[in-house]
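What follows is a short report on a single structure.
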Amino acid sequence: MLEVSTPEQEMALGVDFADLYERSELHKRNKALTEQLNVPSPGSKQLHFPTRYSQSFFSQFLVCLWKQRWSYWRNTSYTAVRFFFTTVIALMFGTMFWNVGSKRTRYQDLFNSMGSMYAAVLFLGVQNAASIQPIVHIERTVFYREKAAGMYSPMAYAFAQVVVELPYILVQAATYGIIVYSMMAFEWSAAKFLWYIFFMYFTLLYFTFFGMMTMAITPNFHVAAIISTAFYGLWNLFTGFIVPRTRIPIWWRWNYWICPMAWTLYGLIVSQYGDVKDVLDAGETTEEFLKKYFGFRHDFVGVVAAVIVGWALLFAFLFAVSIKLFNFQRR
């Protein structure tokens with residue numbers, strides 16, 4: 001049938017099958033039958049479904065989470081490389097800054113310790129954000145097809161994508177934190193250690209969610225990488241380590257307060273040294289130096305922790321909204 005009805009065969013036979021069918025009795029009967037079937041029978045009711053999806057939002061979320069869990073479990077190249085990179089960076093930093101956490105008598109000792117925190121956030125955070133973008137890009141292709149089929153809502157998919165990252169990043173933060181905290185010989189206090197793990201965990205979370213968000217608002221991970229790099233440069237400049245907040249010009253200081261890395265560095269430094277009364281070589285205590293030079297206060301650590309959690313929630317929410325609103329599928 002396909003061979004006979006090709007345009008070449010129509011030209012050879014001298015007929016137009018579409019025109020021939022349109023003028024046939026069969027076309028007239030089919031058209032009349034279609035019009036008859038379109039008229040509802042007496043007493044019939046309009047079809048109505050109480051919900052758009054056959055399952056509740058929570059059921060959709062659980063199914064999407066189950067699917068994402070297996071997808072991550074089978075994607076060994078992504079998870080293994082991320083954990084391997086984290087372990088290597090932790091060992092590298094631990095040996096490079098060996099025992100630096102116990103040295104509190106000189107300004108340089110403090111700057112060395114702060115430098116280790118600053119570099120760790122930059123290394124691990126950017127690596128997390130960059131490595132998640134290709135994964136989201138691949139998963140989004142499947143999501144477009146299943147969304148078009150009405151299988152689940154975009155928000156259920158987005159929340160599952162966010163939640164599946166939580167245990168992986170927890171293991172990553174714990175691995176890095178235990179290795180580095182012990183090798184750098186920070187103060188073995190339960191509160192200080194838990195604060196260190198807390199800030200590293202939510203920092204890796206908001207970097208990962210930031211990478212997911214940039215992927216959700218761009219057509220491919222190449223564009224997402226370009227946009228992300230621009231933000232990394234700005235965040236790096238306004239962390240408060242290269243130029244302390246107290247020395248940033250007042251007209252640029254607002255950038256410090258909207259820089260996620262600045263809040264991370266604030267929390268890491270203050271939780272470790274903000275309450276230390278050791279006297280430095282210049283005669284002032286560590287606490288006084290941090291307050292005067294960086295503007296860091298130990299009693300502000302609770303607010304910093306809340307803001308760090310807020311950054312992670314904000315990027316996760318923007319990812320979910322972007323997945324729902326934007327569609328870069330090419331037909």
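The analysis underlying the following values was restricted to heavy atoms, covering all of them including side chains, and did not include hydrogens, waters or symmetry mates. Bear in mind that the values here come from a model prediction, so they are computed numbers and not experimental data.
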Establish, yes or no, whether a centroid distance under 6.0 Å links the rings of [X] and [Y].
X      : Y      : result
Tyr53  : Tyr152 : no
Phe317 : Phe209 : no
Phe319 : Phe210 : no
Phe202 : Phe198 : yes
Trp235 : Phe207 : yes

More than 12 heavy atoms of other groups within 6.0 Å of [X] [atom1]:
X      : atom1 : value
Glu284 : CD    : yes
Phe57  : CZ    : yes
Phe85  : CZ    : yes
Trp251 : CH2   : no
Trp66  : CH2   : no
Lys324 : NZ    : no
Phe123 : CZ    : no

Side-chain H-bond candidate by donor/acceptor type, [X] with [Y], under 3.5 Å:
X      : Y      : result
Tyr273 : Glu187 : no
Thr218 : Asn220 : no
Gln272 : Ser113 : no
Thr175 : Thr86  : no
Asp16  : Tyr21  : no
Tyr157 : Glu139 : no
Thr208 : Asn128 : yes

Between Glu10 and Phe17, is there a donor-acceptor pair closer than 3.5 Å when you use the side chain of the first and the backbone of the second? yes
Say whether Leu20 and Met11 are linked into one hydrophobic cluster, either directly or through other cluster members, by side-chain heavy-atom distances under 4.5 angstrom. no
Under a 4.5 Å side-chain heavy-atom rule over Ile, Leu, Val, Met, Phe, Trp and Tyr, are Tyr181 and Ile178 clustered together? yes
Run Phe159 and Phe61 through ring pair (Phe, Tyr, Trp, His ring centres under 6.0 Å) and show every step you take. CA-CA 7 Å; Phe159 289 148; Phe61 165 74; 7.3 Å; no
Heavy atoms only: give me the nearest [X]-[Y] pair and the separation to one decimal.
X      : Y      : answer
Gly177 : Tyr196 : CA-CE2, 4.0 Å
Ser228 : Gln133 : OG-NE2, 2.9 Å
Ala90  : Tyr176 : CB-CD1, 3.5 Å
Arg245 : Phe294 : NH1-O, 3.8 Å
Thr246 : Gly295 : CG2-N, 3.9 Å
Thr203 : Ile308 : N-CG2, 4.4 Å

Considering only heavy atoms from C-beta outward, does the side chain of Trp70 approach that of Leu65 to under 4.5 Å? no
Quick one: are Leu265 and Met114 in side-chain contact, heavy atoms under 4.5 Å? no
ring-ring contact (aromatic ring centres under 6.0 Å, His included) partner of His137, chosen from Phe221, Phe328, Tyr144: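 Testing His137 for a ring-ring contact (aromatic ring centres under 6.0 Å, His included) against Phe221, Phe328, Tyr144 leaves exactly one candidate, Phe221.
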Run through Phe111, Tyr293, Phe296, Tyr118 and flag the one making a ring-ring contact (aromatic ring centres under 6.0 Å, His included) with Phe241.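 Passing option: Tyr118.
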Would you please classify the geometry between the Phe97 ring and the Phe93 ring as parallel, tilted or perpendicular, with 30° and 60° separating the classes?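 It falls in the perpendicular class, over 60°.
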Describe, in one word, how the ring planes of Tyr107 and Phe289 are oriented to each other, choosing from parallel (under 30°), tilted (30 to 60°) and perpendicular (over 60°).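 Because their plane-to-plane angle lies in the 30° to 60° range, the rings of Tyr107 and Phe289 count as tilted.
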Starting from Leu37, walk the hydrophobic network (Ile, Leu, Val, Met, Phe, Trp, Tyr; side-chain heavy atoms closer than 4.5 Å) and list everyone else you reach, by chain and number.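 Direct or chained contacts put Leu37 with Leu33.
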Is Ile179 isolated, or which residues cluster with it under the ILVMFWY side-chain rule of less than 4.5 Å, directly or via members? Leu91, Trp98, Met183
Answer yes when Glu22 and Lys28 have at least one side-chain N-carboxylate O distance shorter than 4.0 Å, and no when they do not.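 A salt bridge is absent here (no side-chain N lies under 4.0 Å from a carboxylate O).
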Do Glu165 and Arg82 meet the salt-bridge criterion of a basic N to acidic O distance under 4.0 Å?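 Counted as a salt bridge, because a side-chain N and a carboxylate O are separated by less than 4.0 Å.
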